[in-house]
Amino acid sequence: MNTRTIVALLMSGLVLGLAGLALAGVEPSPFQRLINKLDSVENVLDAVDDQLIEILHPPDPCKVVNKLYAMADKLWNQNDRVEDVIEAYPAVPPEPCHEDEFMAALNKVGDEASSIVERAVPPDPCTPDEVKDAVKAVFDAAQAIVATVDNYFRPPS
């Protein structure tokens, strides 16, 4: 074996050994999979929010109708994902610290959906009806996410 191979083996052993020591005793959250799913939903909502900023005041508003309906479909899909996460989350979590992480992730999703609701307003009264209907579809879908998140914190009685 040449010197490079020996040095590479020693360095990789050192790195793996240090990584093992660094991770020893660190217990992952049992809800990390659900939190990751909520983070993914938040990323999609953030992308929709950014798209709304770009297209609500275009020179030819009729070209945005398909984009708006596509956004609405994305938002309905994200609402389904949030509902799935809420259903998968146990009623009584084992450790409160992990529940706080879950609540924070769910709140971020609700805040992002609220931002979309606020932004999904037709640009002016002269906007064509097709665009108004498409923007309303985005508004309704984002509002559904807000309601889903709110219902988790305040279950209907």
Within 6.0 Å of NZ in Lys132, more than 12 heavy atoms from elsewhere: yes
same_hphob_cluster(Val121, Ile145) at 4.5 Å side-chain heavy-atom cutoff: no
Linked, directly or transitively: Leu45 and Met103 (ILVMFWY side chains, under 4.5 Å): yes
Between CG on residue Asp46 and CD1 on residue Ile116, distance to nearest 0.5 Å: 8.0 Å
Evaluation steps, side chain to side chain contact (heavy atoms under 4.5 Å, CB included), between Gln51 and Lys74: CA-CA 12 Å; Gln51 286 176 319; Lys74 262 190 207 176; 4.2 Å; yes
Atom pair CD/NZ of Gln78 and Lys37 - distance to nearest 0.5 Å: 10.0 Å
Val41 vs Glu112, side chain to side chain contact (heavy atoms under 4.5 Å, CB included): CA-CA, chis, key distance, verdict: CA-CA 10 Å; Val41 169; Glu112 195 66 48; over 6 Å; no
Minimum heavy-atom distance Ala72-Ala141, with the two atoms named: O-CB, 3.6 Å
Shortest non-hydrogen separation from Val65 to Ala134 and the atoms involved: O-CB, 4.0 Å
Under 3.5 Å: donor-acceptor pair, side chain of Asn151, backbone of Ala147: yes
Pairwise side-chain contact, Leu106 with Val85, heavy-atom cut-off 4.5 Å (strictly under): no
Step-by-step side chain to side chain contact (heavy atoms under 4.5 Å, CB included) determination, Lys108 to Asp39: CA-CA 8 Å; Lys108 287 190 331 190; Asp39 287 342; 4.1 Å; yes
Side chain to side chain donor-acceptor pair (under 3.5 Å) partners of Ser114, counting only residues at least two apart: none
Non-neighbouring partners of Arg119 that pass salt bridge (Lys or Arg N to Asp or Glu O under 4.0 Å), sequence neighbours left out: Asp49
Hphob cluster co-occupancy, Val149 + Val146, side-chain heavy atoms under 4.5 angstrom: no
Whether Tyr89 and Tyr152 hold their rings parallel, tilted or perpendicular, with breakpoints at 30° and 60°: perpendicular
Whether Thr148 side chain and Ala144 backbone form a donor-acceptor pair below 3.5 Å: yes
Hydrophobic cluster membership, Val48 vs Tyr69, 4.5 Å side-chain cutoff: yes
In one Ile/Leu/Val/Met/Phe/Trp/Tyr side-chain cluster, 4.5 Å: Phe139, Leu68: no
Asn79 side, atom CG; Gln143 side, atom CD - distance, nearest 0.5 Å: 10.5 Å
Spatial distance of atom CD1 (Ile86) from atom CZ (Arg81) [nearest 0.5 Å]: 13.0 Å
Gap separating the CD1 atom of Ile55 from the NZ atom of Lys67, nearest 0.5 angstrom: 6.0 Å
